K.L.:
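Sharing a structure with you now.
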There are 2 protein chains.
Amino acid sequence: MSRRDELAERATDHALEHGLIGLSLRPLAAAMDTSDRMLIYHFGSKDELVAAVLSTSNDRSMAIISAMPPSASVAQAVIDLWDTFTAQQVQRCQRMYVEAAALGLFGREPYVSSVRDSNLVWIAAIAGHLAASGAAEQDAPRLATLVDATFNGLMLDRPLDGDAALRQVVEDLASALAR
Amino acid sequence: MSRRDELAERATDHALEHGLIGLSLRPLAAAMDTSDRMLIYHFGSKDELVAAVLSTSNDRSMAIISAMPPSASVAQAVIDLWDTFTAQQVQRCQRMYVEAAALGLFGREPYVSSVRDSNLVWIAAIAGHLAASGAAEQDAPRLATLVDATFNGLMLDRPLDGDAALRQVVEDLASALAR
DNA sequence: TTTGGCATGTAGCAAGTGCTACAGAAAGCC
DNA sequence: GGCTTTCTGTAGCACTTGCTACATGCCAAA
């Protein structure tokens, strides 16, 4: 693994823990036992570092979501996806994705591009799981967009509501989609 | 209207236009034909300014959503809410709300508190409209949380997908909830 | 006319930002 | 040995950040 990749992994760990909004090179470098100087050297600019971090994070969550076995029904798939989604590992990645998407709301780079890249493969993975769980092939992408949007929206509510309340809402969605 | 309120209104206009995440006092003050010095004088701190801006923005979108006449059905209510939600005026406020929620993802103040305050009355308003449109009273709050989360999640996708695609997804949700 | 409070302008501070200039170390290749 | 390439440390630059010290103008009450 190249030095750059190693730094990307550790920077991703730090960003997942402390957030993407407000991320700055010096504290990040200090936590990684290196210097801002080195980060710029290996990544060229902060923007490229951020892009690498978002890509790394996306790879991690994709690996987990792609490994899910098919669910017994579409409704069950929604529940299973939520459980995976809120598992520590994926949930952090998704939280950072939401931060990136918020940073991209006004078109700022590198966030828009990174979010677009992540979103494409992510939605495809969700759609794949839904299709494997019984959803019609042509409905899967839109269904995936709906489910993903709802999950991300609920993520924004996490600091407000308890996880139990959010799960209840997901169950409502699952049963609505099943009928 | 006090000077402070007037400044809050104009600061809100600016924040809705340029975003909350990178908001800083000097450019904001310059756009308002005043100085950072004055903003701090009237609001005490940047945090209180931000709280005032979020509160003002919330008041504005609440005024619009509260004025909606009941819809013919729950499904139609979801569609109507989306159309109101994406109307220029409300959509900007909601975009800023999403920014604030993202800023609050790691517990940072004043964002968490402001988001909590806004969310409470906002969900209540959505629930009210859904109930007025035929939803069962006891289901309305959870339904409102579901609809609101989905809308906010779709807001994050706005820079990626076209509005037509997002509306399609909302229609999927509406028909799923109707069945 | 003096006093006192509200509002404002000028200047600046300490800290933090991304990034760079420059020098050196280490390691492989001739 | 030299020589180039890759990497790293020190120091610093130009700029922005939220916020403050201080002096000043305005305007109503005493």
Side-chain angles (χ1 to χ4, degrees), chain A residues 1-15 17-56 96 99-100 102-104 106-114, chain B residues 1-15 17-56 96 99-100 102-104 106-114:
Chain A
M1 181 156 62
S2 74
R3 179 84 177 120
R4 182 192 153 114
D5 291 348
E6 185 192 338
L7 288 175
E9 290 291 334
R10 294 173 57 199
T12 304
D13 291 337
H14 185 269
E17 196 70 27
H18 297 86
L20 186 68
I21 299 177
L23 183 71
S24 71
L25 296 183
R26 263 179 269 253
L28 169 63
M32 295 167 64
D33 253 329
T34 176
S35 66
D36 56 333
R37 168 72 183 74
M38 282 299 96
L39 295 179
I40 294 292
Y41 174 76
H42 284 286
F43 293 92
S45 69
K46 184 191 173 185
D47 280 1
E48 288 185 54
L49 205 212
V50 166
V53 162
L54 287 171
S55 168
T56 302
M96 190 160 77
E99 283 191 283
L103 282 161
F106 286 81
R108 273 176 54 192
E109 291 295 353
Y111 305 103
V112 192
S113 299
S114 288
Chain B
M1 182 157 62
S2 75
R3 179 85 177 120
R4 182 191 153 115
D5 290 348
E6 185 192 338
L7 287 175
E9 291 290 335
R10 294 173 57 200
T12 303
D13 291 337
H14 185 270
E17 195 70 27
H18 297 85
L20 186 67
I21 287 183
L23 185 69
S24 70
L25 295 184
R26 263 179 269 251
L28 169 63
M32 295 167 65
D33 253 330
T34 176
S35 66
D36 57 333
R37 169 72 182 73
M38 282 297 95
L39 295 179
I40 294 292
Y41 174 75
H42 285 286
F43 292 93
S45 70
K46 185 192 173 184
D47 280 1
E48 288 185 55
L49 205 212
V50 166
V53 162
L54 287 172
S55 168
T56 303
M96 190 160 76
E99 283 191 283
L103 282 160
F106 286 80
R108 273 176 55 194
E109 292 295 353
Y111 305 104
V112 191
S113 299
S114 288

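Just so we're clear, the structure is a prediction, and the values are computed from it rather than from any experiment.
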K.L.:
Starting at CE of A/Met38 and ending at P of C/dC19, how long is that distance when rounded to a whole Å?
P.N.:
14 Å
K.L.:
Is any N or O donor-acceptor pair between the side chain of A/Arg26 and the base of C/dG16 shorter than 3.5 Å?
P.N.:
no
K.L.:
Return whichever of B/Tyr41 or A/Asp47 has its heavy-atom-nearest nucleotide of DNA chain C closer to the 5' end.
P.N.:
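The residue closer to the strand's 5' end, by nearest nucleotide, is B/Tyr41.
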K.L.:
Would you please confirm or rule out a distance under 4.0 Å between OP1 or OP2 of C/dG16 and any side-chain N or O of A/Ser24?
P.N.:
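For C/dG16, OP1/OP2 do not have a side-chain N/O of A/Ser24 under 4.0 Å.
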K.L.:
Send over the distance from A/Lys46 NZ to C/dT17 C1', rounded to a whole Å.
P.N.:
8 Å
K.L.:
CE of A/Met32 versus P of D/dG9: gap in Å, rounded?
P.N.:
13 Å
K.L.:
Counting any heavy atom closer than 4.0 Å, what does A/Ser45 reach on the DNA or RNA strands: base, sugar-phosphate only, or nothing?
P.N.:
sugar-phosphate
K.L.:
Is there a side-chain contact between A/Val53 and A/Met96 in this structure, where contact means two heavy atoms from C-beta onward sitting under 4.5 Å apart?
P.N.:
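Yes - at least one pair of side-chain heavy atoms lies under 4.5 Å apart.
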K.L.:
Of the candidate nucleotides C/dC22, C/dG9, D/dC19, which contains the atom at the shortest distance from the side chain of B/Leu25?
P.N.:
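So the nucleotide nearest the side chain must be D/dC19.
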K.L.:
Has B/Arg3 got a side-chain N or O lying under 4.0 Å from the OP1 or OP2 atom of C/dT8?
P.N.:
yes
K.L.:
Can you measure B/Leu23 atom CG to D/dT16 atom P for me and round it to whole angstrom units?
P.N.:
16 Å
K.L.:
Rounded to the Å, how far apart are A/Phe43 CZ and C/dC19 P?
P.N.:
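Rounding to the nearest Å, CZ of A/Phe43 and P of C/dC19 are 13 Å apart.
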K.L.:
Answer with base, sugar-phosphate or nothing: what part of the nucleic acid does B/Leu49 contact at a heavy-atom distance below 4.0 Å?
P.N.:
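Nothing, no heavy atom under 4.0 Å.
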K.L.:
Nearest to the side chain of B/Ile40 - D/dT20, C/dA7, D/dT10?
P.N.:
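Nearest to the side-chain atoms of B/Ile40, counting from C-beta on, is D/dT20.
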K.L.:
Rounded to the nearest Å, what distance is computed from the CZ atom of residue A/Arg4 to the P atom of nucleotide D/dT6?
P.N.:
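Going from CZ in A/Arg4 over to P in D/dT6 covers 15 Å.
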K.L.:
Given C/dC6, is OP1 or OP2 found less than 4.0 Å from the side-chain N or O atoms of B/His42?
P.N.:
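For C/dC6, neither OP1 nor OP2 has a side-chain N or O of B/His42 closer than 4.0 Å.
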K.L.:
May I have the distance from A/Leu39 (atom CG) to D/dC7 (atom P), rounded to whole angstrom?
P.N.:
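Whole-Å distance recorded here is 14 Å.
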K.L.:
Indicate yes or no for a side-chain donor-acceptor contact from B/Ser55 to the backbone of B/Ala51 under 3.5 Å, with no hydrogens or angles considered.
P.N.:
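Flag not set: sc B/Ser55 to bb B/Ala51 has no pair under 3.5 Å.
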K.L.:
Pick base, sugar-phosphate or nothing for A/Leu28, based on heavy-atom distances below 4.0 Å to the nucleic acid.
P.N.:
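Nothing: the residue A/Leu28, judged by heavy atoms under 4.0 Å, touches no strand.
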K.L.:
Using 0.5 Å steps for rounding, measure from the CG atom of B/Leu25 to the CG atom of B/Leu23.
P.N.:
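CG of B/Leu23 is found 7.0 Å from CG of B/Leu25.
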K.L.:
Which value, rounded to the nearest 0.5 Å, describes the distance between A/His14 atom NE2 and A/Leu7 atom CG?
P.N.:
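Rounded to the nearest 0.5 Å, the NE2-CG separation comes to 13.5 Å.
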K.L.:
Compare every heavy atom of B/Ser114 with every heavy atom of B/Leu54, then report the nearest pair and how far apart it is.
P.N.:
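Closest pair (atom of B/Leu54, atom of B/Ser114, distance): CD1-CB, 3.5 Å.
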K.L.:
Considering only side-chain heavy atoms of A/Arg37, which listed nucleotide, D/dT20, D/dT8, C/dC19, is closest?
P.N.:
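That would be D/dT8.
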